[in-house]
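Numbered from 1 within each chain, the chains take letters A, B, ... in sequence-line order. These numbers were taken from a predicted model, which means no experiment stands behind them.
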Amino acid sequence: MPELPEVETTRRGIAPWLDGSEIRHVKVHDARLRWPVPTQISALRNLPVKAVARRAKYLLIHTEQGTLLIHLGMSGSLRVCDASTPRRKHDHVEFFLSNDNILRLHDPRRFGCVLWDTDDGAEHPLLSQLGPEPLGEDFHADYLKQALKGRKAAVKNLIMNNHIVVGVGNIYAAEALYRAGIRPGRAGARVSLSECVVLVSAIKEVLGTAIRQGGTTLRDFVNSDGQPGYFAQSLNVYGRSGEPCHHCDGIIKSKTIGQRASCYCPQCQR
DNA sequence: CTAAATACCTGATGGC
DNA sequence: TGCCATCAGGTATTTA
């Protein structure tokens with residue numbers, strides 16, 4: 001389940017194999033992803049790669065002719081293989097590189113996507129409306145306070161809303177709210193400015209730590225399983241329903257908020 | 001405009 | 001051993 005740290009770790013893992021290389025051609029084995037892979041993509045030839053970037057959870061492979069947009073959805077992963085490695089079930093798209101490696105998109109649940117933009121992707125409808133990057137300077141307490149103003153929806157849903165801030169998935173939303181001492185179900189409008197200060201730094205901390213730890217698993221991209229992996233980061237609430245809180249004598253509770261399991265400590269979070 | 005519900009999909013898991 | 005039901009989860013889209 002790629003969250004932002006996994007996507008960033010993936011970007012760092014594949015970039016060395018793509019930078020300075022060319023995508024010779026693309027082979028689509030199963031076009032049935034979140035959106036059908038455009039037939040246009042199968043016709044692409046000899047694309048010199050300029051850079052591998054990321055916006056929210058989208059990977060952007062900038063080339064001389066345009067940009068490939070790749071999303072890993074829930075179950076997607078990218079691996080760099082050589083031709084001797086057999087293609088696995090659910091390896092839906094292959095990018096053949098001029099250095100004889102193959103970048104393979106593996107996605108059992110097919111929630112991911114591979115799209116093409118003739119420009120740099122910034123104007124693409126999927127990217128143009130996104131909120132700030134959580135680790136960027138323009139995601140700060142004043143901004144968040146303003147974004148939550150007048151909102152009755154649960155603060156957890158709001159920080160998972162891509163128009164407000166990108167890249168915060170279910171796991172890290174729960175963990176950040178725990179660190180900030182805020183209950184996930186509280187209305188956005190009822191989060192004070194000083195709580196926004198704490199919440200913003202909690203989000204940055206949780207995501208930043210996970211990305212730093214992801215860096216240690218980079219080698220896994222080229223051999224073995226290709227899983228961006230499990231970050232050593234210990235989880236305080238996610239998946240710990242019924243277990244004791246790490247910081248008080250309370251028991252972690254789980255509640256469904258916006259169709260999603262949300263774990264929190266009733267004592268530490270108010 | 002906001003908020004909530006819906007859709008997409010397969011693998012893992014638990015009950016019978 | 002097999003089968004069904006349930007759950008998980010990102011996010012665009014639809015509905016209220």
| field | N/O donor-acceptor pair under 3.5 Å between Arg104(A) side chain and Asp91(A) backbone | value | no
| message | Could you check whether any side-chain N or O of Tyr143(A) sits under 3.5 Å from a backbone N or O of Ile164(A), counting only pairs where one atom can act as donor and the other as acceptor? | response | yes
| Any pair counted as salt bridge (Lys or Arg N to Asp or Glu O under 4.0 Å), so long as it reaches residues 254-270 of chain A, sequence neighbours left out | none
| request: Give a yes or no on whether the ring-centroid distance for His247(A) and Tyr178(A) is below 6.0 angstrom. | output: yes
Once you round it to whole Å, what is the distance between [atom2] of [N] and [atom1] of [X]?
X: Leu72(A); N: dG10(C); atom1: CG; atom2: P; value: 12 Å
X: His163(A); N: dG10(C); atom1: NE2; atom2: C1'; value: 13 Å
X: Leu69(A); N: dT11(C); atom1: CG; atom2: P; value: 13 Å
X: Asn162(A); N: dG10(C); atom1: CG; atom2: C1'; value: 8 Å
X: Arg260(A); N: dA8(C); atom1: CZ; atom2: C1'; value: 8 Å

| query | Using the ring of each side chain (for Trp, its six-membered ring), is His25(A) parallel, tilted or perpendicular to Phe96(A), with breaks at 30° and 60°? | reply | parallel
| note | With Glu195(A) as partner, the option from Arg183(A), Arg190(A), Arg186(A) fulfilling salt bridge (charged side-chain N to carboxylate O under 4.0 Å, His left out) is Arg186(A)
| Side-chain N or O of Tyr58(A) less than 4.0 angstrom from OP1 or OP2 on dA12(C)? | yes
Pairs under 3.5 Å (N/O, protein and nucleotides 8-12 of chain B):
from    : atom 1 : to        : atom 2 : distance (Å)
dC9(B)  : O4'    : Arg109(A) : O      : 3.3
dC9(B)  : O3'    : Arg110(A) : NH1    : 3.3
dT10(B) : OP1    : Arg110(A) : NH1    : 2.5
dT10(B) : O2     : Arg109(A) : NE     : 3.3
dG11(B) : OP1    : His90(A)  : NE2    : 2.5

What are the atom names and distances for every N/O pair under 3.5 Å that joins the protein to nucleotides 1-5 of chain B?
from   : atom 1 : to        : atom 2 : distance (Å)
dA3(B) : OP1    : Lys152(A) : N      : 2.5
dA3(B) : OP1    : Ala153(A) : N      : 3.1
dA3(B) : OP2    : Arg151(A) : NE     : 2.5
dA3(B) : OP2    : Arg151(A) : NH2    : 2.8

| task | Decide, yes or no, whether a salt bridge links Glu175(A) with Arg179(A) under the criterion of side-chain N to carboxylate O below 4.0 Å. | result | no
| message | If we count only N and O atoms by modelled type, under 3.5 Å, do the side chains of His163(A) and Gln129(A) hold a donor and an acceptor together? | response | no
